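So the structure is just underneath, and the comments pick up after that.
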Amino acid sequence: MALLFTNRTTNGTSAATDWHGGEGTFFAHGTFDGGTVVLEASFDNGFTWINVGPDATFPAPGAGNFRVGLCKLRASLSGATSPDVTAGI
């Protein structure tokens, strides 16, 4: 398990982490306060980021499985007013 956010209190993105490719589980919990947490992947070494998909997008606490190839992953929190969110893979 790798934490991408730990008690994040502002909108924004986590640092990128290298993903070996294959299946994983993305989770997020805490106070979302109107925000949405999304798992994003970059296949061009961090230049372009895309959403991994609906199973890795949470407007409330949740967990979902994903499958992507070799890439970088990060979490993104947006639309929150006063969040306190932890997210990881």
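Values in this document were obtained by computation on a predicted structure and should not be read as measured data. Hydrogens, waters and symmetry mates play no part in the numbers below; they use all other heavy atoms, side chains included.
- Hydrophobic cluster membership is shared by Phe32 and Phe5, with clusters built from Ile, Leu, Val, Met, Phe, Trp and Tyr side chains linked at under 4.5 angstrom.
- Hydrophobic clustering of Ile, Leu, Val, Met, Phe, Trp and Tyr side chains at less than 4.5 Å, counting indirect connections, unites Val68 with Val37.
- Ring geometry for Phe58 versus Phe26: interplanar angle under 30°, hence parallel rather than tilted (30 to 60°).
- Checked by atom type, the side-chain pair Asp84/Thr9 shows no donor-acceptor distance below 3.5 Å.
- To the nearest 0.5 Å, atoms SG (Cys71) and CD (Glu40) are separated by 11.5 Å.
- Ala16 is linked by a side chain to side chain contact (heavy atoms under 4.5 Å, CB included) to Trp49, Lys72, counting only residues two or more places apart in sequence or in another chain.
- The CH2 atom of Trp19 sits 15.5 Å away from atom OG of Ser42, with the distance rounded to the nearest 0.5 Å.
- Both Val52 and Phe43 are part of a single hydrophobic cluster, where members link through side-chain heavy atoms under 4.5 Å apart.
- Taking CZ of Arg74 as the start and CD1 of Ile89 as the end, the distance is 13.5 Å to the nearest 0.5 Å.
- Leu73 and Ala41 get closest at one heavy-atom pair: CD2-CB, 3.8 Å.
- The backbone N or O of Ala75 lies less than 3.5 Å from a partner atom in the side chain of Ser14, making a donor-acceptor pair.
- No donor-acceptor pair under 3.5 Å is formed between the side chain of Asp55 and the backbone N or O of Phe66.
- Atoms OG1 and CG, on Thr57 and Leu39 in that order, are 8.0 Å from each other to the nearest 0.5 Å.
- To the nearest 0.5 Å, the span separating OG1 on Thr86 from CG on Leu4 amounts to 10.5 Å.
- Separation of atoms CG (Leu77) and OG1 (Thr13) is listed at 10.0 Å; rounding is to 0.5 Å.
- Remark: side-chain polar atoms of Asp33 are not paired, donor with acceptor, to backbone N or O of Pro83 under 3.5 angstrom.
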